[in-house]
Amino acid sequence: MSNPIDHNAAWARRDLERVWHPCTQMKDHEALPPLPIRSARGVWLEDFNGQRYIDAVSSWWVNLFGHSNPVITAALKDQLDTLDHIMLAGMTHGPAVELAEALTRLAPDPLTRCFYADNGSAAVEAALKMSFHYWLNRGETRPRFISLSNSYHGETLGALAVGDVPLYKSTYGPLLLDNIVVPGPDCFGRPEGVSWREHSEAAFAAMEETLERHAHEVSAVIVEPLVQCAGSMRMYDPVYLTRLREACDRHNVHLIADEIAVGFGRTGSLFACEQAGIAPDFMCLSKGITGGTLPLSVVLTSETVYQAFYDDYVNMRAFLHSHSYTGNALACRAALATLSIFESRDVLAEVRAKGAAMEAAAAELLDHPNVGDIRRHGMIMAIELVRDRDTLEPFDWRERRGRRIHKYALTQDVLLRPLGDVVYFMPPYVINDDEIARMVGAAIRGIDIAVRD
């Protein structure tokens, strides 16, 4: 009997002859080829050999309601028969208008204006430029921004400049603007007996001191509310955002909330900022906005900011920033379909319940000698591996133990993508209890294998 044809190998070979993958050392694929995916439905991805895998990371955190979701797919098919794309300069279309109306109804006051872009980094770029330009139109030059240690806001140059993850940033240092980094409220490694709230509130002293010294030259503070996702899924308490909003008001500095990864329910509320009871001056949204189907991003801001640019043409105060696919009709229609699912059922209650189920499934790791922390906001959960639980000494990053977990999980039909030695889960909201058990169980067994010397 002949051996079955390995269709995956054929596709991987063709891929490696031509494709350069993102965030990847391509030489790694000599040992572990890229995984070719033929189709996807719900939480499951299927390769060209018919093997299925739970998408435990929502395909880089974009998928909310499962792959090939029938509500979103039907909306896209309908839109494709009507209008695919027109430029949004001097023109408009129904999905762009309706989405802006819907988002501004959902967003906290006073966010009443939507500026479209096509990915998360582009939204951050637009927000940074918009904030700087606002002050310039007011007669002030404020060339600096403040961000938190361990932050990540994207990989275009402006977004990269306000990030603080050396893996992405250090190479490009000479190209970047002069950003101010403040020690953040990350609750990992806090003193024993200190709560998340106490630690996060105490951490705000550094931000207050920085604002007192630099507010006159700063356009905005930019933060990822509650979870620093690319920064190893480090988390903090909402009280930090409450204090930050108060301080930005007091020092007359904008607040930019980068909700690209945490928006649309990931933390258990529609927007993470809601848990602090605040509204930023700019809110950046992307990733889950289209349910993981098409690229789209939005910057929401206030009427006050909008009016600073509203003037006669000859005064040259317009915000001249653009992308060819700004406000793409298909993407906007997908976003409207995604929002309709939130309206049709209590998604946020489901997120909170399933997040708790994920945490319960990982309970056996609470006393594991190589688990330094298990943390969660909503349906974002992370398990931090350490060499020594008592001292929180990390493993040598060159040992790549997280990669061992990734390879093992694939044999268990689960796609995990650890951030270094941090195993995290951010699955689509449609995952069920059996799939949660399978997903977390694969990680638990993978951890036991990965920590062996």
Side-chain angles (χ1 to χ4, degrees), residues 22-23 55-65 103 107 117-128 147-156 159-160 162-165 167-169 184-186 222-236 238 240-241 255-276 280 282-300 335 338 342 347-348 351 354-355 358 375-382 415-420 422-429:
C23 203
D55 186 357
V57 298
S58 292
S59 295
W60 256 347
W61 323 336
V62 300
N63 193 285
L64 300 187
F65 296 113
L103 289 173
D118 49 20
N119 64 75
S121 295
V124 170
E125 294 281 332
L128 296 173
S147 59
L148 299 178
S149 59
N150 192 49
S151 60
Y152 175 91
H153 298 286
E155 293 173 38
T156 51
L160 199 60
V162 294
D164 187 52
V165 179
L167 177 66
Y168 308 107
K169 182 175 181 177
D186 166 22
I222 180 168
V223 297
E224 301 155 275
L226 303 187
V227 186
Q228 295 182 311
C229 291
S232 298
M233 297 291 167
R234 296 291 176 82
M235 303 181 185
Y236 60 93
Y240 190 90
L241 299 174
L255 174 58
I256 302 173
D258 175 354
E259 294 239 7
I260 289 161
V262 298
F264 300 103
R266 285 289 180 193
T267 65
S269 53
L270 189 62
F271 303 116
C273 283
E274 293 176 22
Q275 296 185 39
F282 302 90
M283 180 185 287
C284 301
L285 302 173
S286 190
K287 289 194 181 290
I289 192 171
T290 66
T293 56
L294 288 170
L296 178 69
S297 63
V298 186
V299 179
L300 281 83
T338 299
F342 279 97
V347 173
L348 298 178
V351 167
K354 290 179 181 182
M358 287 162 49
R375 50 185 177 267
R376 181 177 67 86
H377 269 305
M379 274 184 75
I380 306 174
M381 190 174 83
L415 174 66
L416 295 172
R417 188 180 168 90
L419 291 158
V422 176
V423 180
Y424 74 90
F425 309 94
M426 202 188 294
Y429 301 161

[X] vs [Y] side-chain heavy atoms within contact, under 4.5 Å:
| X | Y | answer |
| --- | --- | --- |
| F264 | L285 | yes |
| W60 | C23 | yes |
| V165 | N150 | yes |
| Y424 | I380 | no |

[X] side chain to [Y] main-chain N or O, any donor-acceptor pair under 3.5 Å?
| X | Y | result |
| --- | --- | --- |
| T290 | A335 | no |
| K169 | G163 | yes |
| S149 | G184 | yes |
| E259 | A272 | yes |
| Q228 | Y152 | no |
| R417 | L419 | no |
| S147 | V162 | yes |
| E155 | Y168 | no |

If you compare all heavy atoms of [X] against all heavy atoms of [Y], which two are closest, and at what distance to 0.1 Å?
| X | Y | value |
| --- | --- | --- |
| S151 | L148 | OG-O, 2.7 Å |
| G265 | Y429 | C-OH, 3.2 Å |
| V299 | C284 | CG2-SG, 4.4 Å |
| G120 | I260 | O-CD1, 3.2 Å |
| F271 | G263 | CD2-CA, 4.5 Å |
| S286 | N119 | OG-C, 3.8 Å |

Please name all residues satisfying side-chain contact (heavy atoms from CB on, under 4.5 Å) with [X], sequence neighbours left out, ordered by chain then number.
| X | answer |
| --- | --- |
| R375 | F188, W196, R234, M235, D373, A382, E384, V422 |
| V62 | S59, K287 |
| T338 | L64, F65, I72, F342 |
| P238 | L226, Q275, A276 |

Euclidean distance, [Y] [atom2] relative to [X] [atom1], rounded to 0.5 Å:
| X | Y | atom1 | atom2 | answer |
| --- | --- | --- | --- | --- |
| T156 | E125 | OG1 | CD | 3.5 Å |
| I256 | L128 | CD1 | CG | 5.0 Å |
| M358 | M426 | CE | CE | 9.0 Å |

Apply side-chain contact (heavy atoms from CB on, under 4.5 Å) to L255 and V223, showing your working. CA-CA 8 Å; L255 174 58; V223 297; 4.2 Å; yes
Tell me every residue that passes side chain to side chain donor-acceptor pair (under 3.5 Å) with S58, counting only those two or more places apart in sequence or in another chain.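 Per chain and number, S58 pairs via side chain to side chain donor-acceptor pair (under 3.5 Å) with R266.
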Going by ring pair (Phe, Tyr, Trp, His ring centres under 6.0 Å), name the residues that satisfy it together with Y240, two or more places apart in sequence or in a different chain.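 Once residues adjacent in sequence are excluded, the partners of Y240 under the ring pair (Phe, Tyr, Trp, His ring centres under 6.0 Å) criterion are F204, Y236.
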